[in-house]
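First the structure, in the form of structure tokens, and then the observations on it.
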Amino acid sequence: MSTKKSPEEMKSIFQKYAAKEGDPNQLSKEELKLLIQSEFPSLLKGVNTLDSLFEELDKNGDGEVSFEEFQSLFKKMSQ
Ligand SMILES: [Ca+2]
Ligand SMILES: [Ca+2]
């Protein structure tokens with residue numbers, strides 16, 4: 001897939017957007033929105049809304065997405 005990124009690229013993309021507000025190691029919903037819209041707009045086609053994607057990624061339900069949680073996007077993209 002054209003959206004496939006290396007782990008290093010994913011890490012630098014995550015850090016770039018996570019640093020925008022609040023905790024620099026966590027993505028808020030607003031940060032995730034910017035990240036997805038800028039880097040992976042194709043993820044928002046089909047059935048996924050940003051809210052459902054955020055909830056799916058935020059496995060521990062603390063309202064932020066850590067890099068560990070963010071990595072489940074890899075699996076999504078390789079499907
Ligand atoms: Ca943040
Ligand atoms: Ca979380």
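Since the model is a prediction, treat every value here as computed from it, not as a measurement. Whatever order the structure lists ligands and atoms in, that order sets their numbers, starting from 1.
At least one side-chain heavy atom of Glu39 sits less than 4.5 Å from a side-chain heavy atom of Tyr17. The shortest distance between side-chain heavy atoms of Leu35 and Phe40 falls below 4.5 Å. Within the 4.5 Å cutoff, the side chain of Gln26 has no heavy atoms near those of the Val65 side chain.
Asp62 contributes OD1 as its N, O or S atom closest to the Ca ion (ligand 2). Asp58 contributes atom OD1 as its closest N/O/S atom to the Ca ion (ligand 2).
Protein atoms of type N, O or S found under 3.0 Å from the Ca ion (ligand 1) total 6.
Summarising the local packing, NZ of Lys59 is surrounded by more than 12 heavy atoms from other residues, nucleotides or ligands at distances under 6.0 Å.
A salt bridge does not link Lys29 to Asp58: none of the charged nitrogens lies less than 4.0 Å from a carboxylate oxygen.
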**OP:** Start with the C-alpha distance between Leu27 and Leu57, add both sets of side-chain angles, then the distance that settles side-chain contact (heavy atoms from CB on, under 4.5 Å), and finish with yes or no.
**Re:** CA-CA 10 Å; Leu27 284 173; Leu57 290 178; over 6 Å; no
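Residues meeting the ring-ring contact (aromatic ring centres under 6.0 Å, His included) test with Phe70, sequence neighbours left out: Phe14.
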